[in-house]
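For reference, the structure discussed in these notes is given below.
In listed order, ligands and their atoms are each counted from 1. One is the number of the first residue; the rest follow in order along the sequence.
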Amino acid sequence: MKFKSKIILGDSLKELKKLKSNSFDHCITDPPYNLSNYSGKKNIGWYKSNPTWRIEKKFNKIDEKWDTFSDDNYFNFTKDWLDEIFRIVKPNGNILIFGTYHNIYKIGYILSKEDKRIVNSIIWYKRNAFPNITLRMFCESTEQIIWSVNNSTKKAKNWIFNYNEMKKLTHNKKQMRNMWDIPMTPKNEKKYGRHPSQKPIEIINRLIKGCTNKNDLVIDPFSGSGTIPLVCKINKRGYFGIEKDKKYFNFSLKRLRSSK
Ligand SMILES: C[S@@+](CC[C@H](N)C(=O)[O-])C[C@H]1O[C@@H](n2cnc3c(N)ncnc32)[C@H](O)[C@@H]1O
């Protein structure tokens, strides 16, 4: 592999523009979902003023500045980074993007508008998701991953899907289905620091093993605590991660250095 895997501290909107066209095999990423409503004010709102949920039950509401946009700004932000991904990922490379109902339809809309082939969406069922404390709706306990290919609906071909690898990971050695029952990130994956939306290694492992090959190069423009780069490293895939928050960037460096 010619490319030296790395993670960098920076803003993806600027850094992606510096990368060469067709220089990555795939993009696997977990962008901001725009589900926070960060105001910068402390101790306001039901969450912060509710010690039972916040302190006793350690309810981890995502309330981050990096995850707060107006609707239009979020759409434009998503379109901007996706346009760069379409440019730097090779034709027929896989593009896998995490989301919830807050953002996944916007991402799906952009992919369809650009006529990208959508192969599947995967439902991640979090059976131990935090309860809904407003009691006004069903308890949100799923996330989704859209899998698309960097080519048009008609022309897309030969995308990577390691069918047999996926079969091996199922308990009955039958076809892997697109509903994945995987608990939220376990404590032992958080020993180098805390990130509010750190993904479990198990879910990323399926994506890397299923949708990339050894020595492929994967771009993750929102690398957070570094789970996607880490699982690439473990599985001998190349990676390029970008994270703009120094705290999370340092956390991901520690995680990467800790793995052989
Ligand atoms: C949903 S989290 C990713 C979590 C990651 N998958 C993990 O397992 O730790 C999104 C990350 O994107 C970062 N981020 C937000 N906007 C960014 C930007 N413009 N450029 C680079 N990173 C950004 C945030 O700081 C956050 O850590």
Pick, from S223, S197, G226, P31, the option with the minimum heavy-atom distance to atom 2 (S) of ligand 1.
-> S197
Minimum non-hydrogen distance to atom 9 (O) of ligand 1, winning option of P200, G241, S225 |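 Nearest heavy atom to atom 9 (O) of ligand 1 lies in S225.
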Using 30° and 60° as the class limits, which term best fits the ring planes of F69 and F77: parallel, tilted or perpendicular?
->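 Taking F77 first and then F69, their aromatic rings sit tilted (interplane angle of 30° to 60°).
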Does one side chain, of R87 or S21, offer a donor that lies under 3.5 Å from an acceptor on the other?
->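 Side-chain D/A pair, R87 to S21: present.
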Who's the nearest protein heavy-atom neighbour of [atom], and how far?
{"atom": "atom 15 (C) of ligand 1", "result": "P32 CG, 3.6 Å"}
{"atom": "atom 13 (C) of ligand 1", "result": "E243 OE1, 3.2 Å"}
{"atom": "atom 6 (N) of ligand 1", "result": "D30 OD2, 2.8 Å"}
{"atom": "atom 22 (N) of ligand 1", "result": "K244 N, 3.2 Å"}
{"atom": "atom 14 (N) of ligand 1", "result": "F222 CD2, 3.8 Å"}

Would you please determine whether D11 falls within less than 4.0 Å of ligand 1 on a heavy-atom basis?
-> yes
Taking the non-hydrogen atoms of S252, is any one of them nearer than 4.0 angstrom to ligand 1?
-> no
Decide whether an N or O pair under 3.5 Å exists between D245 and ligand 1.
-> no
Consider every N or O of S12 and every N or O of ligand 1, then say whether any pair is closer than 3.5 Å.
-> yes
For the residue pair F222 and W81, is the inter-centroid distance of their aromatic rings smaller than 6.0 Å?
->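 Yes.
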Do Y33 and H102 make the cut of ring centroids closer than 6.0 angstrom?
->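 Ring centroids of Y33 and H102 are no less than 6.0 Å from each other.
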Begin from the C-alpha positions of Y74 and N103 and carry the test side chain to side chain donor-acceptor pair (under 3.5 Å) through to its verdict.
-> CA-CA 9 Å; Y74 185 75; N103 66 331; 3.1 Å; yes
For P221, take its heavy atoms, then give the atoms of ligand 1 lying under 4.0 Å from any of them.
->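 Checking each atom against P221, I get 21 (C), 22 (N).
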State the atoms of ligand 1, each with its element, that fall below the 4.0 Å cut-off from a heavy-atom position in G10.
-> 20 (N), 21 (C)
Candidates I160, V149, N150 - the one meeting side-chain contact (heavy atoms from CB on, under 4.5 Å) with N92 |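 With N92 as partner, side-chain contact (heavy atoms from CB on, under 4.5 Å) holds for just one option, V149.
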